[in-house]
Amino acid sequence: ATKYYEHALEIFIKHKHRKGMKRCYSNLSAEYDKTSNVKQSLKLGFEYLSYAEEYNDSNMIYSARKILESTYSILGDAKKSLEQNYENLEMVTKHLDSSKIVSCLNSIGNNYADNLNDYSKAEKYYRQAYQIACKTGDSAHIYLTGTNIGYVLIQENKLDSAEHFLNLA
């Protein structure tokens, strides 16, 4: 599959087809991550970000940073992963894209919980995400974020609060 995506990407780049490029970059990143070729995934993320910035396309920039954020997380570099998340959060907040804001807040929370074991900071970001998801009625994010909050509450040994919260989700 990797060779196919690489070839398809060349064609999409040649024709400046942004949506095709986005699909190929995402698919290639996933393939590289599956094969533990994270250095190639990182290179790919920066290449994609370069095109995205050249086109001044905020959706492409967001996707490229998500690739970089994920790859840095796999590499265990929480600081660089968080940098990508914070940049994305700033951008999507300007565009008032509530779904992407919630996604960024969850990713930031995941970084604090999974990579830094800072559960109170993770909870802060998860609760922000939960509040926005509830306001917009985004049930998928409500359940995802509710589960994340329950997870950190259990990690902090706040079992009653976790169970109560998970019952609300």
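Residue numbers count from 1 along this sequence.
In this structure, the side chain of Thr136 engages the main chain of Ala133 through a donor-acceptor pair within 3.5 Å. With His17 contributing its side chain and Ile13 its backbone, the two residues share no donor-acceptor pair below 3.5 Å. Distance alone, capped at 3.5 Å, is enough to place a donor-acceptor pair between the Ser107 side chain and the Ser103 backbone. Remark: side-chain polar atoms of Thr35 are paired, donor with acceptor, to backbone N or O of Tyr32 under 3.5 angstrom.
Closest approach of Gly45 and Ala64 over heavy atoms only: O-CB, 4.0 Å. Ile132 and Ile101 make their closest contact through CD1-CG2, 3.7 Å (heavy atoms, listed as atom of the first residue, atom of the second, distance). Closest heavy-atom contact between Ser29 and Ser41: OG-OG, 3.1 Å.
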Dump the intermediate steps for side chain to side chain contact (heavy atoms under 4.5 Å, CB included) on Lys100 and Asn59, then the final yes or no.
CA-CA 10 Å; Lys100 288 180 180 172; Asn59 286 322; 2.6 Å; yes
Take Tyr72 and Leu42, measure what side chain to side chain contact (heavy atoms under 4.5 Å, CB included) needs, and give me the verdict at the end.
CA-CA 8 Å; Tyr72 281 130; Leu42 200 57; 3.7 Å; yes
With side-chain hydrogen bond (donor to acceptor under 3.5 Å, both in side chains) as the test, would you mind laying out the steps for Ser120 and Asp118 before giving the verdict?
CA-CA 6 Å; Ser120 63; Asp118 188 339; 3.3 Å; yes
Set out, in order, the CA-CA distance, both residues' side-chain angles and the distance that settles salt bridge (Lys or Arg N to Asp or Glu O under 4.0 Å) for Lys14 and Glu10, then state yes or no.
CA-CA 6 Å; Lys14 176 182 172 184; Glu10 289 175 16; over 6 Å; no
What do the steps show when you test Leu28 against Ser26 for side chain to side chain contact (heavy atoms under 4.5 Å, CB included), and what is the final call?
CA-CA 6 Å; Leu28 272 170; Ser26 294; over 6 Å; no
Please lay out, stage by stage, how Lys80 and Glu83 fare under the test salt bridge (Lys or Arg N to Asp or Glu O under 4.0 Å).
CA-CA 5 Å; Lys80 287 185 180 177; Glu83 286 173 8; over 6 Å; no
Start with the C-alpha distance between Lys34 and Glu31, add both sets of side-chain angles, then the distance that settles side chain to side chain contact (heavy atoms under 4.5 Å, CB included), and finish with yes or no.
CA-CA 5 Å; Lys34 276 194 270 184; Glu31 287 295 315; 3.1 Å; yes
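Counted within 6.0 Å of CD on Glu156, heavy atoms from surrounding residues, nucleotides or ligands total more than 12; the atom is thus considered enclosed. Under a cut-off of 6.0 angstrom, the local environment of CD in Gln131 is sparse, with at most 12 non-hydrogen atoms contributed by other residues, nucleotides or ligands. Atom OH of Tyr86 has more than 12 heavy atoms from other residues, nucleotides or ligands within 6.0 Å.
Using a 4.0 Å cut-off between charged side-chain N and carboxylate O, Lys43 and Glu47 make no salt bridge. With salt bridges taken as basic N to acidic carboxylate O contacts below 4.0 Å, one links Glu123 and Arg127. A salt bridge between Glu69 and Lys66 is present, with a side-chain N of the basic residue lying under 4.0 Å from a carboxylate O of the acidic one.
Atom CE of Met21 is separated from atom CE of Met60 by 4.0 Å, given to the nearest 0.5 angstrom. Distance CG/Leu105 to CG/Asn88: 11.5 Å, rounded to 0.5 Å. Taking OG1 from Thr71 and CZ from Phe46, the interatomic distance works out to 9.5 Å, rounded to the nearest 0.5 Å. With rounding to the nearest 0.5 Å, the separation of CD in Glu90 from CG in Asn85 is 13.0 Å. With rounding to the nearest 0.5 angstrom, the CG atom of Asp77 is 9.5 Å from the CG atom of Asn111. Here the straight-line distance linking atom NE2 of His7 with atom CG of Leu9 works out to 10.5 Å at 0.5 Å rounding.
At a threshold of 4.5 Å between non-hydrogen side-chain atoms, the residues Tyr143 and Ser139 count as touching. Contact annotation: the side chain of Tyr62 approaches that of Cys104 to within less than 4.5 Å [non-hydrogen atoms, C-beta and beyond]. Residues Asp57 and Ile61 are not in side-chain contact: their nearest non-hydrogen atoms beyond the backbone lie 4.5 Å or more apart. Using a 4.5 Å heavy-atom cutoff, the side chains of Tyr151 and Asp114 are in contact. Glu6 is listed as a side-chain neighbour of Lys3, based on a closest heavy-atom distance under 4.5 Å.
With no hydrogens or angles considered, a side-chain donor-acceptor pair links Asn115 and Ser73 at under 3.5 Å. Between the side chains of Tyr119 and Asn117, a donor-acceptor pair is found at a separation under 3.5 Å.
A cation-pi arrangement is absent between Lys16 and Tyr55 under the rule of less than 6.0 angstrom and at most 45 degrees off the ring axis.
The hydrophobic cluster containing Ile142 also contains Leu153, counting ILVMFWY residues as joined when their side-chain heavy atoms lie under 4.5 angstrom apart, directly or transitively. Residues Leu49 and Phe12 do not share a hydrophobic cluster, clusters being chains of Ile/Leu/Val/Met/Phe/Trp/Tyr side chains in contact below 4.5 Å. Linking Ile, Leu, Val, Met, Phe, Trp and Tyr residues whenever their side-chain heavy atoms come within less than 4.5 Å leaves Val152 and Leu116 in two separate clusters. When the side chains of ILVMFWY residues are joined at heavy-atom separations under 4.5 Å, either directly or via intervening members, Met91 and Tyr125 end up in a single hydrophobic cluster. Under the 4.5 Å side-chain heavy-atom criterion for ILVMFWY residues, no single connected hydrophobic cluster contains both Leu144 and Leu89.
Taking the six-membered ring where the residue is Trp, Tyr48 and Tyr25 present parallel rings, their angle staying beneath 30° rather than reaching 60°.
Each of Thr145, Thr147, Asn110, Asn106 was checked for a side chain to side chain donor-acceptor pair (under 3.5 Å) with Tyr126, and the lone residue meeting it is Asn110.
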